[in-house]
Amino acid sequence: MTDRPIARTRDEALVYLDLNPCACGSMDTEWDSGVVSVEGALAKCYSGACEDCGAAREYLFSLPTREVMPAGWPTFGGAEPSELLDAGEWMWLADLTAGNVPDDPENARRALSMARAAVEEVLKFIPEGQDDVPAAAFWSARGREVHAAEPPRFRRDRLTVVRDTYRDLAGR
Ligand SMILES: [Zn+2]
């Protein structure tokens, strides 16, 4: 077996790739994706050339145990929490998109849908019957920073209110 993280959906993989730019700092890459066999196991491969420096980039992800059918945009995954972005990074993404909502209605709706889905991902880290995102759900430097800045934001009740607010705003 491999410890390669699972990319549950293409939408999730693309968000992860945006968060992990090329060594030159650019995130502009036209990604090709396909299923490949690595050491006897199937993996999803995203490859492309950096549009700024031309470097070849390639990322391998494990396939999800059960395929997630996209249900609207974005679909980051099923009920299981992400292995690519930690809870703090999803919050960071929600803050970024909800903090930069464009004026035109269609793009505004997309930004708010992205923010709503990102908060939903934070909620998936909270175990059944608990009220808080556990410490183990923050494994990246960026994620820990977001958590440390305001830990109460990661309570279930607050996350639910924020998610519903973004959903209502997106539905307008
Ligand atoms: Zn580059």
Side-chain angles (χ1 to χ4, degrees), residues 1-65 67-70 72-78 80-104 106-122 124-125 133 136-150 153-154 166 170:
M1 284 308 289
T2 160
D3 56 0
R4 198 177 290 126
I6 290 172
R8 295 169 300 166
T9 63
R10 178 176 177 81
D11 287 343
E12 179 176 47
L14 292 178
V15 164
Y16 174 81
L17 293 168
D18 274 355
L19 253 63
N20 290 274
C22 175
C24 78
S26 170
M27 31 179 243
D28 295 328
T29 298
E30 203 66 57
W31 295 104
D32 276 332
S33 66
V35 175
V36 295
S37 174
V38 185
E39 292 154 17
L42 292 179
K44 190 90 177 217
C45 177
Y46 283 77
S47 60
C50 173
E51 286 174 22
D52 285 333
C53 75
R57 304 182 63 199
E58 185 182 279
Y59 286 84
L60 288 170
F61 302 107
S62 293
L63 301 172
T65 333
E67 200 173 340
V68 181
M69 285 301 143
W73 184 89
T75 297
F76 292 128
E80 72 283 12
S82 179
E83 293 187 5
L84 291 184
L85 274 68
D86 73 11
E89 289 177 301
W90 285 113
M91 183 68 95
W92 179 87
L93 179 68
D95 290 346
L96 183 75
T97 47
N100 294 281
V101 176
D103 284 334
D104 85 278
E106 181 52 27
N107 287 327
R109 199 185 57 75
R110 282 178 71 85
L112 289 161
S113 298
M114 172 76 99
R116 188 262 311 148
V119 175
E120 191 72 57
E121 290 304 319
V122 180
K124 291 177 187 175
F125 284 99
V133 177
F138 303 93
W139 62 78
S140 74
R142 173 154 38 204
R144 288 202 199 97
E145 207 174 291
V146 175
H147 180 238
E150 208 184 332
R153 297 182 74 201
F154 292 87
Y166 293 156

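Order of listing sets the numbers, starting from 1, for every ligand and every atom in it. Worth knowing before you read on, the calculation uses all heavy atoms, side chains too, and leaves out hydrogens, waters and symmetry mates.
Listed by first and then second residue, the salt bridge (Lys or Arg N to Asp or Glu O under 4.0 Å) pairs involving residues 80-102 are D95-R153 (not counting sequence neighbours).
Counting only protein N, O or S atoms, 4 lie closer than 2.8 Å to the Zn ion (ligand 1).
Legend: residues meeting ring pair (Phe, Tyr, Trp, His ring centres under 6.0 Å) with F154, ordered by chain and number and at least two apart, are F138, H147. R57 is linked by a side chain to side chain contact (heavy atoms under 4.5 Å, CB included) to C22, T29, W31, C50, Y59, counting only residues two or more places apart in sequence or in another chain.
With a 4.5 Å cut-off on side-chain heavy atoms, R142 and L19 count as touching.
Ring centers of F76 and W90: under 6.0 Å apart, within the cut-off.
Remark: K124 engages E121 in a salt bridge, criterion side-chain N to carboxylate O under 4.0 Å.
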